[in-house]
Amino acid sequence: MKLVKSRLFWPAMALVTLLVVNIVVNPNFARITMRDGQLYGAMVDILRQSAPLMLVALGMTLVIATRGIDLSVGAIMAVSGAVALTIIDGSGDPDNVGTVAIAIGVAVLVSLVLGVWNGFLVSVLGIQPIIATLVLMLAGRGVALLITGGFITTVNSDPLSYIASGYLTLLPFAFFISVAVIAVIALLERRTALGMLTEAVGINPEASRLAGVRSRGIVWGAYIASGVLAGVAGIIYASNIKAADANAAGYLIELYAILAVVLGGTSLMGGKFSIAGTVIGVLTVQTLDSTILFFGVPSAQSPVFFAVVVIIVVLVQSPRVHAWGRKVGAMFRSSKETPRDGTPPGGATATSAPVATKPEHKEVSA
Amino acid sequence: MTADTEVPPIVSMRGTTIEFPGVKALDGVDFTLRPGEVHSLMGENGAGKSTLIKALTGVYQIDSGTITVGGRTQTFDSTADAQAAGISTVYQEVNLCTNLSVGENVMLGHEPRRTFGIDWSGAHKEAARHLGSLGLDLDTHSPLSSHSIAIQQLVAIARAMVLDAKVLILDEPTSSLDRGEVEQLFDVIRSLRDKGVAILFVSHFLDQVYEISDRLTVLRNGKLVGEHLVGDLPREALVTEMIGRELDELAALSTVADRTINRAAHPVLRAEGVGKKGIVEPADLDVFEGEVVGIAGLLGSGRTELVRLLYGADKADSGTIAVRGKKAKIHQPRHAIDSRIAFSSENRRSEGVVADLTVAENMILGVQARRGWLHRVSKAEQDAIVSEYMTALGVRPADPNVPIGNLSGGNQQKVLIARWLAMQPELLILDEPTRGIDVGAKADIQRKVAELSAQGLSVVFISSELEEVLRISQRVNVMRDRRKVGELDSHDVDLDGLIDYIANAEADAPAAAQKGA
Amino acid sequence: MTAQTLEAPKTSSPGAIKQFAARHASVLPTLAAIVILVIVLIGAQVEFGNFLTARNMSALLLDNAYLMVLAVGMTFVIVTGGIDLSVGSVMAFTGILGSSMLASGTPVWIVIPAMLGGGAAIGTLIGVLVQYFNVQPFIASLAGLFLGRGLAYVVSLSSVRVENEGILWLQTTRFYLGDWYITPTGIIALLVVAIGAITMAWTRFGRTVYAIGGSEQSARLMGLSVARTKVAVYVISGLCGGLAGLLLTAYSGAGYPRNGIGTELDVIACVVIGGTLLTGGRGYVLGSMIGVFVFGTIKTIISFMGAEQSWTHIIVGALLLLFIVVQRAIVARSDRNT
C-alpha cells in the first residue's frame, strides 16, 4: 500500500508495462548480447539514445520546479552543436582529442551564456517564462544556421563520435554521461539545500519571500543549468549523426522533455520535483518511441501516440476528472462524507483548498 | 428615509446553509432585504459575510434553505442567473475589465445592436446616460485603467443600472477610497435607495456603516446573531455582537499582562511615522525587550498593513525604523530578518505554509534561507530544531515528515511559529496567529507567547479577539480607519473600555495621529 | 456634503493628441508596427532602388496569405490570454489531407469542408481541454501540435501533388490592376482579416474575447459567456489552420506533411509584433496583418540581399524581444494607474 502511494509508483508502472508489452510481443526486445566485451540490444540502445533527452529533461525539471518553462532548449542544442562542429571542422586535425575538448568547452560556454540570458529575462525583467524563452527558441536556430553557414556541417572525428557511439567497458559512453549528470544534479539538489529552496519558491513564492529566500538567484540558476545541459545534449546529438544540423537538432525536444517531466510526476504548476521521476519519464518516452517503431509504425507518425499520451496525462491530472472520480467513489461507498483528495497517478499535486473546490463546478458550468 | 418593515421584502433567505468540507460557512442563516433600504452586513473575518453574498450572486450554490427574490424562489447556477433576477454586485477589487473603455465596461454584454454588429455610438450614449444619472461626467471612450478605483466603482454601479438591478450589493466598496470619494459614493447610494433599489452594504468602517445604513444584520461564525434598525443598536453593542465573548480556559493567563517591562533601555524596535500613502497613515510604535505589544482594531483598520511595513513585506514611503537604537533600513523581508525581526502573516495559506513541503522542511525554511543554499541545515540540526519545537508547541500529529498541507490550521500555525522561533528572533510579529484554529491550539499558542516574552522575546500581537489581545499584551495600540488612534495600558482598561475605545475614540485625538498629520 | 466636482478628463481639454493617446493607448504598439513597416520598406527601397514595386508588394500578400490567415486565428486566442502552438501542424495535416483526398478522386466540394472541419476538430479538442479540464493552453495546444503533425504523416509520408484545377485556380488566377495583382488566395486572406477584425470590434462575442483577456474572473462575474467564448477561440484558430492548409496547398501545388514546422512561432511573432499583448486583453486583427507584412518584408529583403534566410528568424526574434519588453513597460504603467 505504501508502495502504491509513492509518487514514483505510477510512472514506474507505466514504464514497466511498456517494457513488458514489448517483451511479450517480441521477446528479442529483452535480448542483450555481448560482443567484444560490449553489450548490445534494444534496451541498451534505449539507454544510449535517451542521453540527449535525459539531459534536457533534467534541466527542464529544475526550471519547471520554479514554476517556469524553457522552450529554447532545442535551439540551444542546435547552437551548441553548430559551434562545436564548426570549430572541429575549421581545425586542421579533427581527430585530435584536445581540439575536440576545446570545441566542446566553447560550445558549452556559449550554451551557458544563453541560459544566463533566459534567466535574466525571467528573474530580473520578470517576463513570463514561456514568452521569454520563446525569443531564443525563435532566434536560436537562426544563429545556429548562421554559424554553419546554412549547411549541414559534417565532421569525421573519432573523439567526437565516441561521445555518442563509443563504449566505456560494457556500456555506451553516452549512458555514462547521463548517469554522471543525474548524479551531479541529485547531489546538488539533495545534498545541499538547493532542492528544497527551489521547491519552496515554486510552491509558494510569496511565503518564500517572507521567509527570506533569495528566489532570484534560484530561478536564474535553473535556467542556466537548463542551458548548459541543453548544450551538452546538443553535442551528443551532433556526435551521433556526425553533423551539425541546425534544423533537425533538438527539433521538438522541448516538448518531449516537458512530457517526460510530467510523466515523471512533476507538476507543471511548479514545486515538488523528482529527479528519479524524470529519469523514469525519459526512459518511458524513449521506450515508447522505440515501441512505436517496433510495431512497424513509421517514426514520423509517432507524434500521434505522444499526443494521446499527453492528453491522458493531463486528463488524469485535471481537477474535473478528480471530481468525477470522487463522485464515482462516493457512489460506491454510498456515504455522504466527502472523500479526501486521492493521490492522482503521476503524483500531481492536487490542491486541497476546500474553498477552491466549491466554486470549481460553478465556474465551469458558467 | 427609514425602511418600513411593512414593505414586502425583495430578498428573503431562509435557513441558508453552505458547507465546505469540514466547515459550515453559513449555518441556517435568515436574511431579509427590503426595497429602498441600505442594509449593512456585519461580522468579523470568517463570519460568513462573503459566503452569504456569494450565495446571493450565484457564485456558490446553497446546500439547504431557500432564496426568494421578488416573491419567487430562485436557484442560481451562475452570476448570469443572479443578474437576470436583478441582483448586481460591486466588489472591493472592482470586477471590471481595465483594458476596455469606461463606456464598454458599463455596457458589456448589453450593447445596443444594429443589423451589422454593435452600435458603438449608441452604446456610448447609453453608457453616458447611466453614468450621468449617477452624477458622473466621464469620457466614455477613455480606458477604465486611467481612472481611480473610486471612479471604477461608480462605473461598476452604472453597469448595475444597465442591468436594471433591484438589488445592489456593495462588498467593501470604500476600503480603497479617500474621504471625498466615500462621500461621492454615498450620494450615489442614497439616490439609488430613494429610487427604491435595495442596497446590501458591507464595510469594516463603523463610521461609514452608521452613516449610510438603515438596518444591520450581524453574523458570527456562520450564524445569524441579530438584525437591528441602525438606531436601535449602539456601537458598543454592535462590536460585542460581532466579536462575541467566549470565556475559555485562558483566564489563567491574565497575570501575563501584569509583568513590568523595563522601558528605560533602547526599545528593540522603534518606528516613527512609518506609513504608506493610501494604505496606512504614518504611525509610531515602540516595542521593548520582553514586551508584548498588542494591536487592536477591526479588520481593515490598518493593523496588518502597518506591521507589513515594519517587516519590509511592503515598502513604507515615510518614517524611520530603529532597532535597539540603531537606524535600520528595512525594504525587504531579508533586511528585517537580518535585524532579527520575524513576521508570521495572517494569511497562513498564501503567505505562510509551503503546502507540499513537509513539516520539518517548513520549520527550517527560514533558517535555511538565511544560511543560503550551499550550507544545508544538517540532518542532526534539523532533527534538533524539529524535536525541540514539535514538543514545545505541541504540534500534532508529531510526525515531521508529513506534508504541512495535511495538518489542521492550528497545527500549521504552530509550525510557522516554530519556523520563526528557530531563527532566534528578538522581535516576533504575529498577525492573527489564532484565527480560525481550535481552542486547544489557541491556548497552546497564547501560552507559548507568554512564556517566550517572559524569557525576553519581544512580540507584536495582532488579533481580532480583543480579550486575547488584552490578556496577553502589556500595551495595546488601537487602530481604526487605517490610522493609529491611541495607545492603552492594558492595566487601565477592560474589555468594555477597549470596545468603547475602538468604536468611539476620536480619530484625531491621541499622540501618534498628530505627528502623522 | 454636497456632490463634488467629479473627475472629468473631457473638461480639462488636454489637446487632441493627448486625448487620442489617452483613449487609444492600446493602439500604440500597432502604430509602432506600422512605423517599423514603413521604415523597413523605405529603407529597402533606398538600399535596392527597385524594392517598392507593384510586383513585389503584390507578391508580399501572395507569399504570406497562409500566414495571415493563421495570424487572425492566433489573435483571437492570444487576446483571451491563451496560446495555440498547434497551428503549423494543423495546417500541414489539413493540407496533406486535402491533397490526398483530391488524389483519390474526392470532389472538391467535399474536400474543402473536410479540411476546414479537420482543423476545427483539433481546435475544439484544445478548447475543451483548456476550458473544461483546466489544462494550460500551452500544454493543450502542444497535444494538438503532436496530433496534427502525426496525423499528417498518417495521411501520407511524402508529398502529394495536387492536380485539381479548382484548387490551383486559387493560386494561378491573377486579377490585375495596372501592375498590381491579387490572387484568389490573397482575396481569401484579406477577407479573413476583414471578418476577423469586424468580429473582434463589432460583435458581443468579440468584446467578450477582450473582456476575458482583461480579466477572466471579471468577465464571468459580469455574466458573460466565458466558457463558450474560450472554446470558440480555439475552434476559430483551428478553422484558420484548416483554411491556411488550403491556401498553402494551392500555393505550393502539393500537400506535404513537413509543411509548417516552426510556423507557430512565426505566427506568434507576427501577432506580437502587430501589437497584441501576449498576456491578453489587447490587440487587433489588423495589427496582426501588419505584423505579417513586417515579417514578410524582412524575409523578402533578406532574399534580396542574398543573405542567409536564417537572418529572418534572428531579426524577428530581436523584434519580438523588443516588443515584449515594450509591452511589459506598458503593462507596468497601466498597473500603476489602477
Side-chain angles (χ1 to χ4, degrees), chain A residues 69 71 75 121 125-128 130-132 134-150 246-247 251-252 254-256 258-259 262 268-269 297-315 317-321 360 362-366, chain C residues 83 85 89 122 125 129 131-136 138-140 142-155 157 216-217 220-221 223-228 257-258 261-262 265-266 268-269 272 278-279 307-318 320-321 324-325 327-328 332:
Chain A
I69 203 142
L71 298 184
L121 292 183
L125 295 191
I127 295 173
Q128 270 175 276
I130 287 189
I131 299 169
L134 186 66
V135 172
L136 203 50
M137 183 185 189
L138 193 64
R141 281 189 197 283
V143 173
L145 277 166
L146 276 191
I147 295 170
T148 60
N247 282 316
Y251 170 63
L252 285 188
E254 57 280 346
L255 307 182
Y256 287 102
I258 292 167
L259 177 59
V262 174
L268 278 172
M269 304 306 291
V297 178
S299 79
Q301 294 172 0
S302 68
V304 176
F305 294 86
F306 285 103
V308 173
V309 173
V310 172
I311 291 171
I312 291 172
V313 169
V314 295
L315 286 182
Q317 293 190 351
S318 145
R320 174 167 274 234
V321 172
E360 200 71 70
K362 279 122 213 181
E363 279 170 13
V364 171
S365 58
Chain C
I83 201 151
L85 297 180
S89 62
I122 296 181
L125 172 76
L129 285 176
Q131 175 57 33
Y132 294 104
F133 295 96
N134 283 356
V135 181
Q136 295 167 8
F138 173 78
I139 299 298
L142 166 60
L145 184 158
F146 276 108
L147 191 63
R149 184 64 60 196
L151 287 177
Y153 285 111
V154 169
V155 174
L157 288 170
E216 190 173 334
Q217 192 199 359
R220 194 174 289 121
L221 290 172
L224 304 175
S225 51
V226 171
R228 215 178 49 203
R258 283 184 65 85
I261 287 178
L265 299 182
D266 296 346
I268 293 167
V272 171
L278 264 171
T279 41
E308 293 289 340
Q309 264 311 320
S310 43
W311 275 108
T312 311
H313 282 120
I314 298 174
I315 292 170
V316 170
L320 183 65
L321 177 72
I324 287 167
V325 173
Q327 286 182 357
R328 198 162 156 73

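Quick note on labels: first sequence line is chain A, next is B, and so on, each numbered from 1. Note: hydrogens, waters and symmetry copies are ignored here, and every other heavy atom, side chains too, is used.
Using a 4.5 Å cut-off between heavy atoms, A:L136 makes no contact with chain C at all. With a 4.5 Å cut-off on non-hydrogen atoms, A:L315 touches chain C through its side chain but not through its backbone. Looking at A:V304, both its backbone and its side chain come within 4.5 Å of chain C, counting heavy atoms on both sides. Heavy atoms of C:L321 lying under 4.5 Å from chain A belong to its backbone as well as its side chain. At a 4.5 Å heavy-atom cutoff, the contact between C:F138 and chain A is made by side-chain atoms alone. Only the side chain of C:L157 comes within less than 4.5 Å of a heavy atom of chain A; its backbone N, CA, C and O stay farther away. Contact of C:L265 with chain A is made through backbone and side chain together, with heavy-atom distances under 4.5 Å. In this structure, chain C has a heavy atom under 4.5 Å from the side chain of A:I258, while its backbone stays farther away. In this structure, the portion of C:V135 lying under 4.5 Å from any heavy atom of chain A is its side chain and not its backbone.
Between C:T279 and A:Q128, the shortest heavy-atom contact is CG2-OE1, 3.0 Å. Nearest heavy atoms, C:Y153 versus A:Q301: O-NE2, 2.8 Å. Nearest heavy-atom pair across C:R149 and A:Y251 is NE-OH, 4.0 Å. Of all heavy-atom pairs spanning A:I127 and C:V325, the tightest one is CD1-CG2, 4.3 Å. Considering all non-hydrogen atoms of both residues, A:A307 and C:A143 come closest at CB-O, 3.5 Å. Smallest separation of non-hydrogen atoms from A:A139 and C:G317: CB-CA, 4.2 Å.
Here the CD1-CZ distance, from A:I311 to C:F133, works out to 10.5 Å after rounding to the nearest 0.5 Å. Taking CD1 of C:I324 as the start and CD1 of A:I131 as the end, the distance is 6.0 Å to the nearest 0.5 Å. Atoms CG and CE, on C:N134 and A:M269 in that order, are 9.5 Å from each other to the nearest 0.5 Å. Note that CG of A:L138 is 11.5 Å distant from CD1 of C:I315, once rounded to the nearest 0.5 Å.
Considering only heavy-atom pairs separated by less than 4.5 Å from chain A, the leading option among C:H313, C:R258, C:Q217 is C:H313. The candidate with the highest count of non-hydrogen atom pairs below 4.5 Å against chain C, out of A:A132, A:A246, A:G142, is A:G142. Listed options A:G126, A:P298, A:A144 were ranked by heavy-atom pairs under 4.5 angstrom with chain C; first place goes to A:G126. Of the listed residues A:V309, A:V135, A:L71, A:L145, the one with more heavy-atom pairs under 4.5 angstrom with chain C than any other is A:V135. Contact tally against chain A (heavy-atom pairs below 4.5 Å) for C:I261, C:L129, C:I268, C:L151: the top residue is C:I261. Heavy-atom pairs under 4.5 Å with chain C were tallied for A:L146, A:I130, A:V314, A:V310; the largest tally goes to A:L146.
Ring geometry for C:F146 versus A:F306: interplanar angle of 30 to 60°, hence tilted.
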